[in-house]
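Comments concern the structure below.
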Amino acid sequence: MATIKVQQIKSKIGYPKDQKATLQALGLRKISQIVEVEDTPSTRGMIRKVHHLVTVVD
């Protein structure tokens with residue numbers, strides 16, 4: 001299955017608990033950390049929810 005590389009670009013401090021949990025579910029813990037996740041509709045939704053904190057790396 002296809003994968004997406006996601007990088008955290010901003011701190012989660014000061015954001016709601018659900019957004020912090022979404023970052024944790026994606027596997028992101030630190031700023032500038034890059035994780036590779038499967039390209040599924042649920043993962044795309046998680047990325048969309050925290051789009052202001054992450055970026056998709058090519």
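The figures here come from the full heavy-atom set of this structure, side chains too, leaving out hydrogens, waters and symmetry mates. All figures in this text were calculated on a predicted structure; none of them were measured in a lab.
Atom OG1 of Thr43 and atom CZ of Arg48 lie 11.0 Å apart (nearest 0.5 Å). One distance of note links CD of Gln8 with OG of Ser32; it measures 8.5 Å at 0.5 Å rounding. Distance CD1/Ile47 to CG/Asp39: 7.5 Å, rounded to 0.5 Å. In this structure, the separation between CD1 on Ile34 and CD on Gln7 is 4.0 Å, given to the nearest 0.5 Å. The distance from the CD1 atom of Ile31 to the NZ atom of Lys12 is 10.0 Å, given to the nearest 0.5 Å. Expressed to the nearest 0.5 Å, how far CG of Leu53 lies from CD of Gln19 amounts to 6.0 Å.
For Gln24, the CD atom counts as loosely surrounded, since its 6.0 Å shell holds 12 or fewer non-hydrogen atoms of other residues, nucleotides or ligands.
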Exercise. Start with the C-alpha distance between Ile9 and Val54, add both sets of side-chain angles, then the distance that settles side-chain contact (heavy atoms from CB on, under 4.5 Å), and finish with yes or no.
Key: CA-CA 5 Å; Ile9 58 169; Val54 301; 5.6 Å; no
Exercise. Determine, stepwise, if the pair Leu23 / Arg29 fulfils side-chain contact (heavy atoms from CB on, under 4.5 Å).
Key: CA-CA 7 Å; Leu23 285 175; Arg29 297 178 297 126; over 6 Å; no
Practice problem: Show your reasoning for whether side-chain contact (heavy atoms from CB on, under 4.5 Å) applies to Val6 and Leu28. | Solution: CA-CA 9 Å; Val6 182; Leu28 294 166; 4.1 Å; yes
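Using a 4.5 Å heavy-atom threshold, the side chains of Lys5 and Val37 count as separate.
Inspection of the Glu38 and Thr3 side chains reveals no N or O donor paired with an N or O acceptor under 3.5 Å.
Pairing each heavy atom of Met46 with each of Ala25, the nearest pair is CE-CB, 3.5 Å.
In terms of modelled atom types and a separation under 3.5 Å, the side chain of Gln33 and the main chain of Lys30 share a donor-acceptor contact.
Residues passing the ring pair (Phe, Tyr, Trp, His ring centres under 6.0 Å) test with His52, sequence neighbours excluded: Tyr15.
Classification of Asp18 and Lys49 as a salt-bridged pair holds, one side-chain N sitting under 4.0 Å from a carboxylate O.
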